Amino acid sequence: MTANASSTPPASTSPSPLHAVVADDFNAVNRTIVEQLSSKVPLVETISQYIIESGGKRLRPLLVLLAARSLGYEEDKHVTLATLIEFMHTSTLLHDDVVDESHLRRGRQTANDNWGNAPSVLVGDFLYSRSFQMMVDVGSMRIMAILSAATCVIAEGEVQQLTNIGNPDITEADYFETIQGKTAMLFEASSHSGAVLAEATPEQERALQYYGRYLGLAFQLIDDLLDYQGDANAMGKNVGDDLAEGKPTLPLIHAMAQGTPEQAKLIRQAIRKGGLSQLDAVLDIVNATGALSYTRARAEEMADKALAELNALPPSPYRDTMAKLARLAVERDT
């Protein structure tokens, strides 16, 4: 590696209590991340390391490790699989921040704000390409099929979200279709591919696939809720960012459906216009119509579905941790 990239895993990704049952695996993932970021182009390493060091819970690679171990997997390819999925996720973050013209992610300046849009997009492409190189190392055509299909769905979800911006006519069904693609799909692919790697039974494979899907939906629903009631310092972004971008998320969709014609009109105008000039008025309507409670209830519904899927797995500390993840999805405030 060049001097521009860190040679040790960042402190922010040290194992948390959620990672305790796979702590050795998780540390191996961190080491593999550092190894696989190696590039003869210094800027590739610099930007890649910067975005990976920005924190996060490493939930998607954690799902790979937990899914595989919950089914008795004892080899080491799950570490490669978990790492490549983290690279896929990181590449989407780089691309998303360019598309959204974001300046802040998890409390830090975004890569595009630091180095510009073109380097961020190209390094995102590098990480995607490196992840596909690593898929070959995993050596499973089924896993390659799952992940390559997932990348298409994720890209479609991102494009769909882009076309939804400024459109107050998005329905709840449209919203769920979008977040299934842009967020839940990689959660689903993580747990699903971990199950395939461990040679799961058809019932177990399906259960872990849908567990990841419902978990991802729950996380995104709470993310969208927190945009209207979260703590900006804790979240590392500003309250109302979705409104500023004109994104019609579930709190706004429900508020328009349940509010008075005047309230719905105000929100429609705010979505079309973007910006934060009407944030206070929108927050009042969102609270008055019970939109946040409704969004949380839908998130809890998804978490309950995720928990139910775990019944197909044998009892183990790994299954217990996956259950904790489902509860964390709706209990968190960041």
Side-chain angles (χ1 to χ4, degrees), residues 13-30 55-86 88-89 138 140 142-143 146-147 150 179-180 183-223 296 298-334:
T13 57
S14 298
S16 72
L18 280 173
H19 299 81
V21 295
V22 288
D24 290 343
D25 290 339
F26 184 73
N27 286 328
V29 168
N30 277 338
K57 301 179 179 69
R58 293 265 203 276
L59 292 179
R60 295 152 192 84
L62 177 59
L63 286 179
V64 174
L65 303 177
L66 292 172
R69 290 300 196 189
S70 73
L71 298 175
Y73 184 76
E74 295 182 353
E75 299 179 38
D76 60 5
K77 288 186 177 179
H78 63 317
V79 171
T80 302
L81 179 57
T83 303
L84 74 87
I85 282 180
E86 181 65 7
M88 289 173 64
H89 176 56
V138 173
S140 167
R142 280 212 63 213
I143 289 175
I146 289 166
L147 296 182
I179 67 170
Q180 161 60 24
T183 299
M185 189 68 239
L186 194 53
F187 278 82
E188 176 180 327
S190 300
S191 52
H192 189 192
S193 59
V196 171
L197 186 66
E199 299 181 349
T201 67
E203 180 189 11
Q204 291 168 336
E205 182 183 324
R206 182 203 171 281
L208 281 167
Q209 176 185 359
Y210 279 84
Y211 165 81
R213 177 182 299 184
Y214 295 135
L215 181 68
L217 290 171
F219 263 93
Q220 186 60 55
L221 282 159
I222 294 298
D223 274 355
R296 182 172 294 280
R298 293 306 310 270
E300 290 172 350
E301 176 190 344
M302 296 302 129
D304 287 343
K305 287 184 174 183
L307 285 167
E309 296 294 346
L310 295 178
N311 292 329
L313 306 183
S316 73
Y318 309 108
R319 188 181 78 171
D320 293 344
T321 299
M322 284 189 277
K324 289 178 184 177
L325 271 174
R327 289 189 287 270
L328 170 69
V330 293
E331 292 172 358
R332 66 200 173 94
D333 56 9
T334 62

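What you see is a predicted model, and the numbers here were worked out from it, not measured in a lab. Atoms considered below: every heavy atom in the structure, side chains included; atoms not considered: hydrogens, waters and symmetry mates.
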Test side-chain hydrogen bond (donor to acceptor under 3.5 Å, both in side chains) applied to E301 - qualifying residues, sequence neighbours left out: R298
Close side-chain approach of L62 to V29, heavy-atom, < 4.5 Å: no
Non-neighbouring partners of A323 that pass side-chain contact (heavy atoms from CB on, under 4.5 Å), sequence neighbours left out: L307, L310, R327
Residues that A200 engages under side-chain contact (heavy atoms from CB on, under 4.5 Å), provided they are two or more places apart: L71, A195, Q204, E205
Under the side-chain contact (heavy atoms from CB on, under 4.5 Å) test, residues paired with E300 that sit two or more places apart: R296, V330
Partner residues of R332 under the salt bridge (charged side-chain N to carboxylate O under 4.0 Å, His left out) criterion, sequence neighbours left out: D223
Salt bridge (Lys or Arg N to Asp or Glu O under 4.0 Å) partners of residues 211-221, not counting sequence neighbours, each pair once: E188-R213
All pairs passing salt bridge (Lys or Arg N to Asp or Glu O under 4.0 Å) where residues 63-81 contributes a residue, at least two apart: D25-R69
Contacts of type ring-ring contact (aromatic ring centres under 6.0 Å, His included), residue H192, not counting sequence neighbours: none
By side-chain hydrogen bond (donor to acceptor under 3.5 Å, both in side chains) - contacts of T183 (at least two apart): Q220
Those residues that, when tested against P202, pass side-chain contact (heavy atoms from CB on, under 4.5 Å) (two or more places apart): none
Any pair counted as side-chain hydrogen bond (donor to acceptor under 3.5 Å, both in side chains), so long as it reaches residues 304-322, sequence neighbours left out: R206-E309
